[in-house]
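Below is one structure, written out as structure tokens, with a few remarks after it.
Both counts, for ligands and for their atoms, begin at 1 and track the order of listing. Hydrogens, waters and symmetry mates are skipped; everything else that's a heavy atom, side chains included, is used. Since this is a predicted model, take the numbers as computed values, not measurements.
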Amino acid sequence: MLTFHVVTLFPESLESYLNASIVKRAQERGAISIKYYNPRDFAQADKKSLMTYSERRVDNRPYGGGPGMVIEAMPVIRAIDAAVGKKKGKSKVKIVFFSPAGKQFSNEIAETYKKFTDIVFICGRYEGIDARIKKAFPMTDISIGEYVLTGGELPAMVMIDAITRRISGVLGDDLSIEESRIASPDVYTRPEVIEFKKKKYRVPKVLLSGDHKKIEEWKVGRKK
Ligand code: SAM
């Protein structure tokens with residue numbers, strides 16, 4: 001089983017997506033599990049509950065000046081420690097630090113990462129997280145694309161989704177993994193003809209022909 005540990009100030013922003021459809025079923029079947037760690041719960045070394053609003057505060061002004069706040073290192077370090085501290089240094093544990101400047105996430109990375117037992121995702125917010133967390137725990141910087149988001153929660157969901165669907169047995173039919181077959185960006189289903197504002201739209205004839213060679217050629221053509 002692969003356990004995803006998500007360190008985030010906003011766990012509620014991931015829950016509805018990850019508790020639906022295929023990722024939900026993957027959890028129910030025991031292929032994956034997802035745990036959340038809110039740095040606010042680790043803001044004080046020995047206190048986890050009944051903290052006041054200011055005791056739960058984890059952001060602070062940046063050294064060197066500049067706009068925006070920075071998330072303090074210690075609450076995040078304690079959260080990572082709670083997630084995988086006991087497994088530190090184990091080869092099957094991976095810690096991911098999200099950054100727009102990180103290595104671009106890809107299917108190849110998803111394929112490698114599905115072999116880990118534990119993956120920790122560190123979701124930044126605001127100006128980011130105090131970089132000393134990277135000294136306390138070795139981690140890999142990952143970006144999900146050349147744009148800047150407001151937080152690491154979407155990147156965590158993207159990676160959980162892309163990794164989970166590659167785990168054997170998660171998709172109804174392993175052939176559904178698109179990279180291992182010829183899949184088309186354009187797909188069609190019943191009925192054969194639809195009508196909208198007096199105009200008719202038909203399924204491409206080749207898909208109704210039963211000629212599998214021609215259908216495969218059509219799908220390859222759609223990819224270009
Ligand atoms: N000041 C940071 C910098 O220049 O790298 C950007 C901070 S960004 C506004 C807030 C957080 O969103 C980041 O810490 C990271 O967790 C996440 N983030 C934003 N864009 C991302 C991307 N393209 N890929 C992965 N994570 C991203």
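- In this comparison of Val96, Ile71, Leu149, the heavy atom closest to atom 8 (S) of ligand 1 sits on Leu149.
- Counted by atom type alone, Lys35 and Thr3 present zero donor-acceptor pairs between their side chains at under 3.5 Å.
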Can you check salt bridge (Lys or Arg N to Asp or Glu O under 4.0 Å) on Asp41 and Arg56, steps first, answer last?
CA-CA 7 Å; Asp41 295 332; Arg56 284 172 65 78; 2.9 Å; yes
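- Counting heavy atoms from C-beta outward, Leu9 and Cys123 have side chains that stay 4.5 Å or more apart.
- What sits closest to atom 16 (O) of ligand 1 on the protein, heavy atoms only, is Gly124 N, 3.0 Å.
- Distances between N or O atoms of Ile122 and those of ligand 1 include no value under 3.5 Å.
- Among the atoms of Cys123, none of the N or O lies under 3.5 angstrom from an N or O of ligand 1.
- Around the OH atom of Tyr36, the shell of radius 6.0 Å holds more than 12 heavy atoms that belong to other residues, nucleotides or ligands.
- Ring orientation note: the planes of Phe121 and Phe4 are close to parallel, at an angle under 30° on the 30°/60° scale.
- With salt bridges taken as basic N to acidic carboxylate O contacts below 4.0 Å, one links Glu153 and Arg125.
- Of all the atoms in ligand 1, the ones that sit under 4.0 Å from a non-hydrogen atom of Tyr126 are 7 (C), 8 (S), 9 (C), 10 (C).
- When Gly102, Ser143, Pro100, Ala101 are ranked by how near their heavy atoms come to atom 21 (C) of ligand 1, first place goes to Pro100.
- Taking 4.5 Å as the limit, some side-chain heavy atom of Val6 sits within range of a side-chain heavy atom of Ile160.
- Listed by atom number, the atoms of ligand 1 under 4.0 Å from Gly152 heavy atoms are 12 (O), 16 (O), 17 (C).
- When only non-hydrogen protein atoms are considered, atom 13 (C) of ligand 1 lies nearest to Phe98 O, 4.1 Å.
- Scanning all protein heavy atoms for the shortest distance to atom 23 (N) of ligand 1 gives Tyr147 O, 2.8 Å.
- In this structure, the protein non-hydrogen atom closest to atom 1 (N) of ligand 1 is Glu127 O, 3.0 Å.
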Evaluate Val23 against Met157 for side chain to side chain contact (heavy atoms under 4.5 Å, CB included), listing each step before the verdict.
CA-CA 10 Å; Val23 179; Met157 286 192 276; over 6 Å; no
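- Looking at Gly128 next to ligand 1, no N or O pair under 3.5 Å apart turns up.
- Of all protein heavy atoms, the one closest to atom 24 (N) of ligand 1 is Ile144 N, 3.1 Å.
- Ring orientation note: the planes of Tyr188 and Trp218 are tilted relative to one another, at an angle of 30° to 60°.
- Of the polar atoms of Arg125, none of the N or O atoms is found under 3.5 Å from an N or O of ligand 1, judged by distance alone.
- Of all the atoms in ligand 1, the ones that sit under 4.0 Å from a non-hydrogen atom of Val148 are 9 (C), 20 (N).
- Proximity to Ile142 (heavy-atom distance under 4.0 Å) selects the following atoms of ligand 1: 25 (C).
- Taking the side chain as every heavy atom from C-beta outward, Phe98 and Val158 never approach each other to under 4.5 Å.
- Distances between N or O atoms of Gly145 and those of ligand 1 include at least one value under 3.5 Å.
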